[in-house]
There are 2 protein chains.
Amino acid sequence: MATIRDVANHAQVSTATVSAVVNDSAYVSPELRARVLAAINELNYAPSQAARSLKRGRSQLIALVVADLANPFFARLVWAAEAAVAAWGYSLVLFNSDEKPENERRILARIRALSCDGIILVPVDVISTQPQRGSEGEPIPTVLFGRTVEGQKTDTITIDNVSAARQVTNYLMDLGHTRIGTITGPLHLTTGRGRLDGMLEAMRARGLAPAANHVRAGEFREDTAYSVARELLTQPEPPTAIYIANGVMALGVMRALVDLGLKCPDDVSIASTDTIPGIGGLRPRLTRTEHPVIDMTNEALRLLVDRINRGPSIEARNVVFQPSLVVGESCAPYKVRVE
Amino acid sequence: MATIRDVANHAQVSTATVSAVVNDSAYVSPELRARVLAAINELNYAPSQAARSLKRGRSQLIALVVADLANPFFARLVWAAEAAVAAWGYSLVLFNSDEKPENERRILARIRALSCDGIILVPVDVISTQPQRGSEGEPIPTVLFGRTVEGQKTDTITIDNVSAARQVTNYLMDLGHTRIGTITGPLHLTTGRGRLDGMLEAMRARGLAPAANHVRAGEFREDTAYSVARELLTQPEPPTAIYIANGVMALGVMRALVDLGLKCPDDVSIASTDTIPGIGGLRPRLTRTEHPVIDMTNEALRLLVDRINRGPSIEARNVVFQPSLVVGESCAPYKVRVE
DNA sequence: AAACACCAGCTAACCGTTTTGCTAGCATTC
DNA sequence: GAATGCTAGCAAAACGGTTAGCTGGTGTTT
């Protein structure tokens with residue numbers, strides 16, 4: 001393609017002038033500006049991002065690293081992030097760590113090589129929550145999304161997981177349920193841990209606690225949740241209500257119910273934190289918390305771009321979003337079961 | 001970060017030697033190689049992708065442009081593409097044209113500026129199916145995905161839409177249905193057009209045709225399909241079976257059924273081309289065709305990388321995948337309706 | 001009219017790689 | 001021992017932009 005020099009020759013000006021026109025970085029007389037623009041048009045010139053990156057040390061690339069691209073929650077994040085990134089004039093480079101620390105390490109090295117200007121990271125490994133050093137030695141601007149570790153020096157965007165779980169659990173208890181089971185996510189993640197903690201806390205506040213065999217690990221996965229739900233519901237004294245830690249697992253539980261011949265909410269009440277897009281169209285509608293993914297993503301980008309422009313001097317900011325309870329038809333008041 | 005010169009100084013060799021070691025592009029004595037590797041390690045050196053891109057004219061970036069990132073079908077494509085792109089040693093830059101030609105134009109310009117090595121494009125506009133000229137003047141290697149126009153000079157990966165529609169329609173007719181309605185996609189897309197054509201063709205082969213008011217445009221969207229399905233089913237003589245052109249719309253139709261108090265498959269049979277992930281867990285299971293998205297994506301990348309390496313000389317290849325019918329419980333044999 | 005300020009536009013250095021000659025040292029051959 | 005071939009490693013020129021610093025022409029001030 002045409003280079004800046006071709007344009008300069010064609011318009012009878014210097015490359016500096018062409019650059020000034022392209023970037024609006026200095027005054028150029030209307031006459032020359034017109035000549036340059038004409039030449040650009042005629043030669044179909046577009047500046048090489050590679051050359052720019054090299055000289056400026058900025059690539060106009062923002063990396064998004066998600067922990068599980070197959071999960072609709074993250075798919076939605078990707079969707080929102082693409083739009084936000086484009087709106088700020090960057091391009092989105094997408095990576096999937098697939099919940100594997102070794103992938104994450106490889107990806108972060110690649111991001112460094114690409115000299116991405118910023119990272120939105122759903123961290124898998126604790127190590128990765130430490131700032132990544134970039135090509136200048138100072139850390140690459142990073143926003144951790146969704147998950148954190150305590151005492152973070154990085155900007156973070158999170159949801160109040162404890163509150164989410166508390167809201168849902170309170171709702172179930174308000175309906176009279178006391179024998180409540182739960183299917184949790186991985187407890188080494190703040191999303192998994194916090195949601196279990198919130199549930200336990202809410203029950204404790206009313207002098208309750210789930211039976212030990214009513215607390216099961218579902219790994220945030222549909223198929224695991226399916227089999228765990230079967231176990232949970234086929235034991236001698238099954239829970240009358242189940243709190244499920246995320247939307248994908250709720251789908252698995254619904255499936256288990258149908259396959260076990262159980263009716264929701266007649267036989268068992270189901271409620272979850274987090275949802276999956278499209279599930280809104282299904283019946284019974286799930287009682288769940290909704291997370292403002294779009295707002296969270298936009299805020300993540302606002303923080304990130306701000307940090308890119310203002311450097312590491314400013315304080316780390318931790319923004320916590322509040323989930324909201326959306327009541328569907330998947331929960332019924334507790335009634336003594338007729339055997 | 002450390003540059004190649006830092007490494008060269010530190011190891012007491014020239015930059016050329018460091019380059020040779022890093023790229024394995026020339027013989028370097030074991031002794032020097034060891035010194036260089038040690039220096040690289042010590043300085044935590046990683047080559048700048050920007051400088052490489054500039055010099056080599058290759059960026060190791062592959063662009064994926066999808067038409068609608070909110071659609072689970074494309075979300076799945078993104079998931080598969082990220083993995084395939086990484087496996088070939090590239091990074092994925094993601095764009096969403098949101099079905100808007102003007103976005104697509106902007107995106108293609110951006111891709112050119114980034115000097116991406118290849119493009120996987122779900123085209124929105126006919127214009128965009130013409131090859132994009134890159135920084136050397138020759139076209140950027142491109143694979144069109146899912147949709148095409150006839151007489152294409154570009155590599156394409158498609159599904160046999162006509163066959164998909166035919167399979168589903170035949171299945172419905174085998175069950176005895178003759179009054180079959182359909183909710184179509186946009187007819188200017190080959191995916192929309194082909195599926196309608198396949199349905200009409202299958203019916204014509206048995207001397208049938210859908211009533212004019214039983215053919216409705218659903219725009220491949222959940223909400224549109226919902227309202228269109230309501231119209232379709234509340235008219236005087238509703239269809240006894242509906243063929244739906246994609247998975248997202250099937251979800252909308254299911255929702256409409258529930259809201260109208262109709263039972264599937266007792267009151268109306270539902271079948272679709274294409275599905276959405278996660279829908280497999282729901283009841284009744286949808287009768288539909290499944291599209292081998294992962295295979296299609298892997299093949300797309302194989303073609304793309306091959307074209308990147310071998311240039312524009314080789315013939316354009318058009319690979320057509322076959323969908324397969326998956327029978328669920330959403331269809332019942334036709335029976336005379338008891339009014 | 002001399003001195004000066006101002007500024008549009010140019011020249012050239014630089015960003016960090018890759019790669020094309022080139023050099024110099026050694027081994028082989030007559 | 002001179003001529004030749006071979007090759008490991010180097011110096012330096014790109015790649016296509018950005019930008020600091022310079023130049024020379026114009027306008028203003030005294």
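Numbers restart at 1 for each chain; the letters A, B, ... are given by sequence-line order, proteins then strands. Any value given below was found using the heavy atoms of this structure, including those in side chains, with hydrogens, waters and symmetry copies removed. Nothing here was measured: the structure is a model prediction, and the numbers come from that model.
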(message) The criterion is salt bridge (charged side-chain N to carboxylate O under 4.0 Å, His left out); which residues satisfy it with D117(A), sequence neighbours excluded?
(response) none
Grab the N/O contacts between the protein and nucleotides 26-28 of chain C below 3.5 Å, and write none if there aren't any.
none

(message) I'd like to know if R5(B) reaches the base of dG16(C) with its side chain such that a donor and an acceptor end up less than 3.5 angstrom apart.
(response) yes
(request) Please identify each residue that fulfils salt bridge (charged side-chain N to carboxylate O under 4.0 Å, His left out) with K55(A), with sequence neighbours left out. (result) none
(request) Output all residues satisfying salt bridge (charged side-chain N to carboxylate O under 4.0 Å, His left out) with R110(B), sequence neighbours left out; order by chain, then residue number. (result) none
(request) Using whole Å, report how far CD1 of I4(B) lies from C1' of dG9(D). (result) 14 Å
(message) Holding to side-chain hydrogen bond (donor to acceptor under 3.5 Å, both in side chains), I want the full list of residues that pass it with R317(B), two or more places apart in sequence or in another chain.
(response) D155(B), D306(B)
(request) Please check the phosphate of dT18(C) (OP1 and OP2 only) for any side-chain N or O of R52(B) closer than 4.0 Å. (result) yes
(request) Evaluate the side-chain proximity of I4(B) to S19(B): yes if any heavy-atom separation is below 4.5 Å, no if none is. (result) yes
(message) Suppose we screen for salt bridge (charged side-chain N to carboxylate O under 4.0 Å, His left out). Which residues come up paired with E31(B), at least two apart in sequence or across chains?
(response) R35(B)
(request) Please report, rounded to the nearest Å, how far the P atom of dG16(D) is from the CG atom of N23(A). (result) 17 Å
(message) What is the separation between atom CG on D24(B) and atom P on dT19(C), rounded to the nearest whole Å?
(response) 13 Å
(request) May I have the distance from L114(B) (atom CG) to dG16(D) (atom P), rounded to whole angstrom? (result) 16 Å
(request) Take the protein atom CG of N9(A) and the nucleotide atom C1' of dG17(D), then report the distance between them rounded to whole Å. (result) 15 Å
(request) With axes from five pairs an end, tell me the bend angle of the helix from dA1(C)-dT30(D) to dC30(C)-dG1(D), nearest 10°. (result) 60°
(request) Round to the nearest Å and state the distance from Q49(B) atom CD to dT17(C) atom P. (result) 11 Å
(message) Do the side chains of E102(B) and R105(B) get close enough for a salt bridge, i.e. N-O under 4.0 angstrom?
(response) no
(request) For Q60(A), enumerate each residue passing the side-chain hydrogen bond (donor to acceptor under 3.5 Å, both in side chains) test, keeping only those at least two apart in sequence or located in another chain. (result) none
(request) Measure from NZ on K55(A) to C1' on dC15(D) and round the result to the nearest Å. (result) 14 Å
(request) Under the side-chain contact (heavy atoms from CB on, under 4.5 Å) rule, collect the residues that match up with A81(B), sequence neighbours excluded. (result) L64(B), T297(B)
(message) Please report the distance, rounded to the nearest Å, between CG in L54(A) and P in dC15(C).
(response) 9 Å
(request) Select from E31(B) and A51(B) the residue whose nearest nucleotide in DNA chain D is closer to the 5' end of that strand. (result) E31(B)
(request) Taking only Lys NZ, Arg NE, NH1 and NH2, and the carboxylate oxygens of Asp or Glu, determine whether D295(B) and R302(B) approach each other closer than 4.0 Å. (result) no
(request) Check every strand shown and say whether S48(A) touches a base, only sugar-phosphate, or nothing at a heavy-atom separation below 4.0 Å. (result) sugar-phosphate
(request) Name all residues meeting the side-chain hydrogen bond (donor to acceptor under 3.5 Å, both in side chains) criterion together with R221(B); count only those two or more places apart in sequence or in a different chain, and write none if there are none. (result) D223(B)
(request) Using the test side-chain hydrogen bond (donor to acceptor under 3.5 Å, both in side chains), find all partners of R52(B) that sit at least two apart in sequence or belong to another chain. (result) N23(B)
(request) Report yes if a side-chain nitrogen or oxygen of R56(B) is closer than 4.0 Å to either non-bridging phosphate oxygen (OP1 or OP2) of dT18(C); otherwise report no. (result) yes
Please write out each protein N/O paired with an N/O of nucleotides 9-12 of chain C under 3.5 Å, distance rounded to 0.1 Å.
{"residue": "dG9(C)", "atom": "OP1", "partner": "S29(A)", "partner atom": "OG", "Å": "2.8"}
{"residue": "dG9(C)", "atom": "OP2", "partner": "S29(A)", "partner atom": "N", "Å": "2.8"}
{"residue": "dC10(C)", "atom": "OP2", "partner": "S14(A)", "partner atom": "N", "Å": "3.0"}
{"residue": "dC10(C)", "atom": "OP2", "partner": "S14(A)", "partner atom": "OG", "Å": "2.9"}
{"residue": "dC10(C)", "atom": "OP2", "partner": "T17(A)", "partner atom": "OG1", "Å": "2.4"}

